[in-house]
Amino acid sequence: MTTLKPFIIGSFMLAPALAMAAEQIVVQTDSTSLVLTIGDNGRLYQSYLGKRLANPADYANLPLGTETYITHGMEDYFEPALHINHADGNPSTLLTYKNHTTERTDAGSKTVITLVDTVYGDEVELVYNTYDKENVFTTNTKITNKGKKPVEIEKFASSMLHFDRPEYYLTEYNGDWAAEVKPHTQQLHYGKKEVDTKLGTRANMFVSPFFQLGLDQPAAEDEGEVLVGTIGWTGNFRFCFEVDNLGGLRVISGINPYFSSRTLKKDESFTTPEFIFTVSGTGTGTASRNLHDWARRYRVKDGMGDRMTLLNNWEATYFDFNQDKLIDLIADAKALGVDMFLLDDGWFGNKYPRHSDTQGLGDWEETANKLPDGIGRLTEEAKKQGVKFGLWIEPEMVNPGSELYEKHKDWVITLPNREEYYFRNQLVLDLSNPAVQDYVYGVVDGLMTKYPDIAFFKWDCNSPITNIYSNYEKDEQNRLYVDYVEGLYNVLERLQAKYPNLPMMLCAGGGGRTDYEALKYFTEMWPSDNTDPIERLFIQWGYSQVFPAKVQCAHVTTWNSDAPVKFRVNVAMMGKLGFDINLHELTADELAYCKQSVKDYNAMKPCVLDGDQYRLVSPHSGNHAATEFVAKDKRSAVLFAFDVYPRYAEKVRNVVLKGLNPSLRYQVSEINRFDGKPGEVKEYSGDYLMTVGIPAFTTGKLSSRVYSIQAI
Ligand code: GLA
């Protein structure tokens with residue numbers, strides 16, 4: 001190696017491409033450094049990723065490391081990040097450093113490193129954005145064919161990261177409909193482990209697009225080094241973890257290359273989605289809070305804004321409603337004190353009325369005999385009552401029983417010469433086709449133009465891509481999975497431009513779509529159709545690893561009516577609170593309690609939605625669960641404590657709080673009691689609460705308590 005000259009980001013100027021290549025490129029947040037080194041051979045190596053090094057002079061001591069973005073066909077024997085097939089049949093790429101730029105951004109920095117294959121002209125830009133305070137990196141690549149002939153890109157990762165540690169533990173989150181985000185941890189040994197999906201649209205039905213990588217030990221809540229990563233891609237993704245013969249681990253993240261190779265013509269580029277990650281030396285709790293802060297500040301639509309409580313009619317009526325019933329429900333929403341009434345599935349279709357999930361998708365006109373005066377009558381009623389009105393749509397889908405299917409079979413993803421098979425009786429529209437993009441855009445735009453008082457959409461997506469074949473893609477069928485997602489983003493971009501303040505919920509038969517690229521366009525998501533509060537303790541716990549409470553819609557329903565209403569409400573209060581229940585089936589006491597809960601929730605919203613979340617006692621660890629939300633100034637907090645199924649004569653332990661100021665004194669009192677009475681107020685120091693804790697658990701089954709913690 002020649003003398004190392006660290007190139008440290010931090011200048012407020014755009015650093016021009018250096019005449020003499022800088023030997024090291026350091027990309028770092030306030031807490032984490034990624035050090036890349038240009039080898040004597042001109043290739044780029046990852047020398048370090050971990051806790052930020054205090055002394056820049058030490059970068060020179062780092063080993064060269066492993067090639068940053070390994071390509072197929074050269075001397076490496078394991079999974080590559082990039083595989084390009086050239087027109088002459090040469091399937092290899094050799095990338096060397098060309099130049100790089102670093103600029104300051106509002107949040108941190110942006111570094112773009114250009115690598116080039118000097119023989120074939122392939123160019124790869126490695127892009128790194130840092131969010132310094134939040135300790136979050138986002139990274140992706142742009143691949144450009146600068147050669148003379150078309151090339152085929154077969155593998156095109158967003159990110160490749162390398163680790164060289166004695167032990168690696170992967171925690172992935174998978175499941176199924178109504179059973180989302182179940183954590184599974186395994187030690188990684190020699191060989192490959194892939195976490196991927198091929199579902200296309202409802203892509204996360206079986207697996208969430210995020211993971212935790214415990215270094216030297218399994219990922220734990222409050223200790224140990226962990227990398228938490230997630231891909232911003234609303235379609236097929238793949239994380240590949242491969243341990244090589246020397247015990248090195250590479251982590252490759254990006255679009256799933258399965259059936260997705262594509263041709264790049266001369267000068268054409270392909271930009272991969274962002275891989276978003278944070279590294280924590282103090283466990284997954286810190287990592288989650290990093291991502292929550294980043295998401296609210298920089299990623300989620302209206303991330304710093306408020307969220308509306310709501311009453312949804314889905315579980316109260318399913319498809320069985322009419323105008324009068326809905327008008328009554330709007331009055332119920334008002335009486336309950338929530339901000340909005342949300343009309344779910346079943347309001348559209350005339351030739352094929354949507355009386356069940358067997359028909360009607362695609363025909364977005366009100367069913368005349370259900371809603372004779374249209375949506376307008378409902379928005380008018382909502383206005384009169386002083387609540388907002390939200391509407392369910394599923395615009396990417398079509399039932400074969402629909403006028404749209406009759407008119408535009410060519411817009412449907414379906415195979416020629418094969419009998420169609422259906423997932424939930426429906427098919428997916430071909431969003432790779434610009435005409436279909438216009439149509440899907442027009443569903444929302446048409447409704448908004450006709451009914452400007454619609455204040456919210458729940459955008460559903462109940463089917464994966466089945467019968468995969470596009471009339472539009474013709475002889476490039478393998479582009480469909482990727483082009484579909486880009487088509488969807490095109491629609492969402494256009495809607496965002498025209499309706500920048502329109503809140504929307506992202507839903508896909510529950511948590512089938514839960515990624516940070518989609519959340520640029522959605523204010524919140526529906527984590528699961530499973531609203532059994534016991535199951536939700538686990539589901540919300542799972543999503544909270546990566547997503548803040550603010551984007552997790554949580555509704556009170558009758559999925560488990562054995563659980564007291566208070567237990568159900570308290571679980572839902574840990575997210576974005578809503579009700580999806582027939583209020584008339586509640587007792588007078590239960591109804592009064594729900595009304596009080598809406599008020600209590602409004603008071604605690606700043607803490608829950610915008611504070612720091614501490615997962616105190618895991619539902620996975622036993623019979624109790626506790627979560628705390630602490631306001632940024634540490635002057636107030638709210639604690640939720642649940643007893644699920646305590647054992648006979650069980651010894652109940654204290655709940656020890658976190659994140660408070662040890663030298664402040666706090667008043668702690670139980671709030672949101674079912675009897676409506678104020679709880680006893682006790683005083684403690686922050687130190688005591690975080691060392692000894694309070695007896696927030698009991699031996700009562702399915703019981704719950706909420707505590708307010710206020711600095712004096
Ligand atoms: C999906 C959603 C539900 C509901 C139904 C309506 O299953 O996840 O919340 O909207 O569709 O058909």
Side-chain angles (χ1 to χ4, degrees), residues 177-180 308-348 354-358 360 370-371 378 382 387-394 424 456-462 505-512 524-537 539-540 552-587 590-591 593-595 597-598 601 702:
W177 174 79
E180 292 87 346
M308 289 189 275
T309 54
L310 61 83
L311 177 68
N312 188 189
N313 72 309
W314 176 238
E315 294 197 22
T317 66
Y318 293 105
F319 295 95
D320 180 21
F321 57 80
N322 59 26
Q323 182 167 295
D324 290 345
K325 216 181 214 180
L326 295 179
I327 286 176
D328 287 348
L329 283 170
I330 292 171
D332 285 351
K334 171 69 181 173
L336 182 59
V338 292
D339 301 314
M340 175 173 59
F341 172 72
L342 170 63
L343 172 57
D344 215 281
D345 194 358
W347 57 269
F348 49 87
R354 180 81 172 163
H355 51 58
S356 69
D357 65 13
T358 55
K370 259 184 172 172
L371 300 176
L378 302 175
V387 294
K388 302 278 187 202
F389 180 86
L391 191 63
W392 181 97
I393 49 172
E394 196 180 356
R424 210 196 191 210
F456 183 91
F457 282 100
K458 174 178 176 184
W459 180 305
D460 213 334
C461 166
N462 278 295
M505 181 204 296
L506 175 61
C507 176
E524 54 220 74
M525 69 189 194
W526 184 232
S528 176
D529 279 350
N530 191 337
T531 46
D532 174 334
I534 299 172
E535 294 297 325
R536 272 297 182 123
L537 283 175
I539 290 169
Q540 292 169 201
Q552 288 202 51
C553 298
H555 295 180
V556 178
T557 73
T558 50
W559 259 64
N560 178 355
S561 38
D562 291 341
V565 166
K566 175 167 164 60
F567 192 94
R568 290 183 254 164
V569 168
N570 289 163
V571 171
M573 277 176 154
M574 295 192 296
K576 205 217 78 164
L577 177 68
F579 292 79
D580 194 352
I581 195 167
N582 183 347
L583 298 180
H584 302 280
E585 286 173 3
L586 298 176
T587 65
E590 286 171 341
L591 184 59
Y593 167 76
C594 288
K595 288 180 183 176
S597 296
V598 173
Y601 180 75
L702 290 176

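Each residue takes its place number in the sequence, starting with 1.
In this structure W459 satisfies the side chain to side chain donor-acceptor pair (under 3.5 Å) test together with E396, sequence neighbours excluded. Qualifying side chain to side chain donor-acceptor pair (under 3.5 Å) partners for K566, counting only residues two or more places apart in sequence or in other chains: N570. Every residue two or more places apart in sequence or in another chain that forms a side chain to side chain contact (heavy atoms under 4.5 Å, CB included) with D332 is listed here: L311, L329, L583, H584.
The pair R424-D357 meets the salt-bridge criterion, with a side-chain N (NZ, NE, NH1 or NH2) lying under 4.0 Å from an Asp/Glu carboxylate O.
With a 4.5 Å cut-off on side-chain heavy atoms, R354 and F319 count as touching. Residues L391 and F456 form no side-chain contact, since every pair of their non-hydrogen atoms from C-beta on lies 4.5 Å or further apart.
Between the side chains of W526 and D529, at least one donor-acceptor pair of N or O atoms lies under 3.5 Å. Side chains of N313 and D344: no donor on one and acceptor on the other come within 3.5 Å. Side-chain contact check for W314 and D345: no donor-acceptor pair (N or O, by modelled atom type) lies under 3.5 Å. Using a 3.5 Å distance cut-off with no hydrogens or angles, the side chains of W559 and E535 do not pair a donor with an acceptor.
Atoms CG and CD, from D460 and E394 in turn, are 5.0 Å apart once rounded to the nearest 0.5 Å.
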key: Full working for side chain to side chain donor-acceptor pair (under 3.5 Å) between D580 and T557   = CA-CA 5 Å; D580 194 352; T557 73; over 6 Å; no
request  = Applying salt bridge (charged side-chain N to carboxylate O under 4.0 Å, His left out), run through K325 and D320 and close with a yes or a no.
outcome  = CA-CA 9 Å; K325 216 181 214 180; D320 180 21; 3.7 Å; yes
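The heavy-atom pair separating V338 from T309 by the smallest distance is CA-OG1, 3.3 Å.
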